[in-house]
Structure formats: structure tokens, C-alpha cells
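In what follows, a single structure is set out as C-alpha cells and then discussed.
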Amino acid sequence: MDDTKTLLQYIRHELHRFPEVSNKEYETQKRIIAFLQQYSSAQITPIAKTGVLAIFNSDKKGQTILFRADIDALPIHEENTFKHKSTIKGVAHKCGHDGHTTILLGLAKKITETPIKTGSVVLLFQPAEENGTGAKNVLEHTFFKETNIDYVFALHNLPGFSKHQVIIKEHEFTANVISTSITLQGKTAHAAEPEKGINPAKAIAEILLFTEQESINTPHTQDFFLATPIYINMGTKSYGVAAGCGEIHLTLRSRSLKIIKQKKDDLQKLLKKLEKDENLQINTLWFEEFYSNKNNPDAIKHIKSAATKQQLKIKKIDHPFKWGEDFGLFTQKFKGAMFGLGAGKNTPALHNPDYDFPDKITLTGVDLFYTIVHEIQHT
């Protein structure tokens, strides 16, 4: 077995065994830095508390290309039983970020062994993708204010597609997504005399009806919009007391920022009306905002050329994925693209408790990223 392949499988399994959620990736950061110090010649800079920048500069002027991997895990209990299963209760790499991180570590090793001849390559190990704060925090670092970035790239492993297949799309690759929590404060009363209290049940029902009536779950159309109930809580388990408070969380998603804004305004108008009609105090908090990944046609051209040279099958999709990804903040700011790397047609879906990143596609990702560098620096 190839030594690099064995090494990368080992580090991927280590990352999988010790997952950390967004903004808590302290041990993950240490493992990344330790690997880079041992196996790469990169200039290493911590960033955004738990992230890492690994920078490779050549002796000749050229373009600066950034590759990003997300490093955080999810608050999901793992159901797998293999040896590298998560050792952290209730936390696991169920989105494959351990694999994304390993691909970038492999790229660092490859660039060290076969150095770039022109320009610079920046490897960003980014924290806190899952809660949407990582990209924003990283981009506030002085490095991004002082450095001219010519291209940015990221990949995401995609179950449901053949292993090693490269999935591409020009323009929008993922949806715009924003989350909200809505708290409703009324007044408790005896359950036998609900008329003497203010119960949020009807208002919550109206909000749920809004999510049902406004959603157009057709991602292939321009008017795609999805409002999804995430969490609901109301009252207490005290059967003599009519509920006097409630809480509901939603996510809104669309390929269009204009539609997101319009639906957000529509929801706010509904809440204002409910506050008046139901005599409630309603407070709304908006958070975890993900901007759509806008793939630049030139960046896609380089991905296609690199994939062809690696003899990989390319699949062009017709409409964006419905999930959000905070790399969108990079593609809104810089020329670049996110693309997919097939993780297997029969692989469990992302965020499922039995998902595991397939080690077989790690070197595919490494070689593809390295070939993209060569394509850009020599054209």
C-alpha cells in the first residue's frame, strides 16, 4: 500500500475519532499543525482562533490560489461500530469534514514533495462551517485584507454519486440559507380556564401554516423556496396549566437572495399581525446565514480540465443543491468555485448517524486540487 495513502487514512481516522463542533476545534487545530510541521514546508499561521493557514510561495510571481477545507463536526451521535468511530459522546463527523481536511493535508504534502514553480498556494483549514460563522471570521483576518486572492476552490463529498465522479455547475451551486428562532410570550392560566390566559398555540399553528403554504420545494425552478420547521416547544408538561409561552425555529432557503428577503419580510409581517391579534410578545432572532456558492465559469473550466487530465468522470448538474455552505461567502468575494466529489451511490446521506467519509476518494481530491494549481499557473 502506498505510504501516503496509508498516512492519510491514519490521520483521517484520527480526526474522525476525535471530532469537535464549531468554534471548539482546538485539538483538531493541533493535529493539523502537527501534520503540517512534520510533512510540509508550509508557512503556518493560526487563524480565527481554531483555524489554520498553510502558505506556499514560489520564487516566481504568479497567481495566488486558495483551497479551503472545513474542519468542524456535528452534534450527532455516531451509530457506526468500526475502530475509528467517534470517541466523543454526541459528536461525530457526519458531513465528511474529516475527509476534506485530510485532502488538504495531502495537498500540503504533495506541494512540498513537488513544489509549485510560480505564484502562491494558500490552504485554509476553516473552522465553524456548520453554524455559518467560520467563513465570516476567517475573512476578517488581516491576511485577506493584505493578500490578493486570484482563485478560491473547495470541494464537498457527495453521497449518491459514483466514487471519484466530479460534480460541477456554473453559477449557483448551493442555496442561500438563513435560520430564525421565534419566541412567543403570553400568559399561563388554569387548563380549565384557558380564556384567562394567553396561549401561543394558535400563533404557532399560523407560523407552521406559513411554512407549508409558502414553500415551493422544486429546486429545479427559479422560484424554489423552502421554509422548514426545525424545533418547537410550548408550555410545560403540567396538565393543569394552559401554555403561556412558546418557541419555534425555522430555516429559510432559496437559490435567490431576493426571494429570501421577500419571504423573510412576509414572515415578519405575519409575526407582527399575530402579536397584535393574539396579544403576544414575539421576538425574532436571525442567525446562521449561508450565501449561495456562485461558481465562476473560468474556475469551472479549470476544474473540468483538471478532472479530464486525471481521467475522472464529470457530471454537470442542472440545478443547485438545496443545502447551504458558508464557502459561498468566499465565492461572493473572489473568483472561484465549489464542486462535488462523488462518495458512492449507496453511501449513507450526509448528516446521517451512520455516514463515514470514504478513504478511497482522498487521493482523488489531492490530485485534483494539485492539477488545478498546475492548470491555472501554466495557462
Side-chain angles (χ1 to χ4, degrees), residues 95 129-132 135-136 154-156 158-161 166-182 202-232 248-275 277 282 284-300 303 314-340 349-351:
C95 203
E129 186 281 325
E130 292 292 353
N131 68 9
K136 182 177 182 296
L155 65 75
H156 205 294
L158 294 179
F161 295 87
V166 178
I167 299 92
I168 60 170
K169 185 185 179 302
E170 289 186 7
H171 309 302
E172 292 88 358
F173 186 74
T174 57
N176 298 283
V177 184
I178 190 168
S179 298
T180 182
S181 65
I182 303 163
K202 184 180 176 182
I204 290 175
E206 291 282 350
I207 295 168
L208 289 173
L209 188 61
F210 171 90
T211 67
E212 181 68 24
Q213 292 179 338
E214 296 296 320
S215 291
I216 304 173
N217 194 4
T218 53
H220 59 283
T221 64
Q222 290 291 337
D223 59 352
F224 162 71
F225 173 74
L226 196 57
T228 307
I230 302 299
Y231 170 83
I232 300 173
I248 179 168
H249 294 209
L250 311 172
T251 61
L252 310 183
R253 65 189 69 229
S254 173
R255 61 195 297 181
S256 165
L257 278 174
K258 183 179 179 181
I259 291 176
I260 286 277
K261 184 180 183 304
Q262 181 61 57
K263 298 299 184 180
K264 183 178 174 181
D265 290 345
D266 291 345
L267 177 60
Q268 294 281 33
K269 289 176 183 176
L270 171 64
L271 296 177
K272 189 173 182 180
K273 182 177 184 298
L274 291 173
E275 191 172 42
D277 292 350
I282 300 179
T284 309
L285 178 65
W286 296 92
F287 53 94
E288 292 198 10
E289 187 168 9
F290 297 85
Y291 289 93
S292 172
N293 277 277
K294 289 193 173 181
N295 286 348
N296 177 272
D298 287 340
I300 291 294
I303 295 167
I314 299 170
K315 181 176 180 60
K316 184 178 179 181
I317 57 174
D318 296 324
H319 51 81
F321 291 98
K322 295 191 287 183
W323 35 270
E325 226 289 353
D326 81 346
F327 187 67
L329 207 55
F330 284 88
T331 59
Q332 299 272 343
K333 184 178 177 65
F334 305 108
K335 182 191 293 186
M338 168 170 272
F339 62 95
L350 298 174
H351 293 210

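With sequence neighbours excluded, no residue satisfies salt bridge (charged side-chain N to carboxylate O under 4.0 Å, His left out) with Lys316. Under the side-chain hydrogen bond (donor to acceptor under 3.5 Å, both in side chains) criterion, Ser254 pairs with no residue at all, not counting sequence neighbours. Residues satisfying the side-chain hydrogen bond (donor to acceptor under 3.5 Å, both in side chains) criterion with Thr221, sequence neighbours excluded, are Thr218, Asp223. Here Pro320 pairs with Lys169, Glu172, Arg255 under the side chain to side chain contact (heavy atoms under 4.5 Å, CB included) rule; sequence neighbours left out. Take His351 and apply the side chain to side chain contact (heavy atoms under 4.5 Å, CB included) test, not counting sequence neighbours, and it matches Leu74, Ile76, Cys95, Glu130. With sequence neighbours excluded, no residue satisfies side-chain hydrogen bond (donor to acceptor under 3.5 Å, both in side chains) with Lys202. Taking Phe173 as the reference, Phe321 meet the ring-ring contact (aromatic ring centres under 6.0 Å, His included) condition, with sequence neighbours excluded. Listed by chain and residue number, Arg68 satisfy the salt bridge (charged side-chain N to carboxylate O under 4.0 Å, His left out) test with Glu325 (two or more places apart in sequence, or in another chain). Take Asp298 and apply the side-chain hydrogen bond (donor to acceptor under 3.5 Å, both in side chains) test, not counting sequence neighbours, and it matches no residue. Judged as a salt bridge (charged side-chain N to carboxylate O under 4.0 Å, His left out), and not counting sequence neighbours, Lys322 has no contacts.
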Identify all side-chain donor-acceptor contacts of residues 330-337 below 3.5 Å with residues at least two apart in sequence or on another chain.
from	atom 1	to	atom 2	distance (Å)
Thr331	OG1	Lys294	N	3.0
Thr331	OG1	Gly328	O	3.2
Gln332	NE2	Ser292	O	3.0

Give the table of side-chain donor-acceptor pairs shorter than 3.5 Å for residues 256-263, with sequence neighbours excluded, one pair per line with atom names and distance.
from	atom 1	to	atom 2	distance (Å)
Ser256	OG	Lys258	N	3.2
Ser256	OG	Ile259	N	3.1
Lys261	NZ	Asp265	OD2	3.3
Gln262	NE2	Asp266	OD1	2.9
Lys263	NZ	Glu214	OE1	2.7

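Remark: the backbone N or O of Ile182 is not paired with any side-chain donor or acceptor of Thr284 at under 3.5 angstrom. Looking only at distances, a side-chain donor or acceptor of Asp326 sits under 3.5 Å from a matching main-chain atom of Ala135.
Nearest approach of Pro297 to His171, heavy atoms of both residues: CG-CE1, 4.3 Å.
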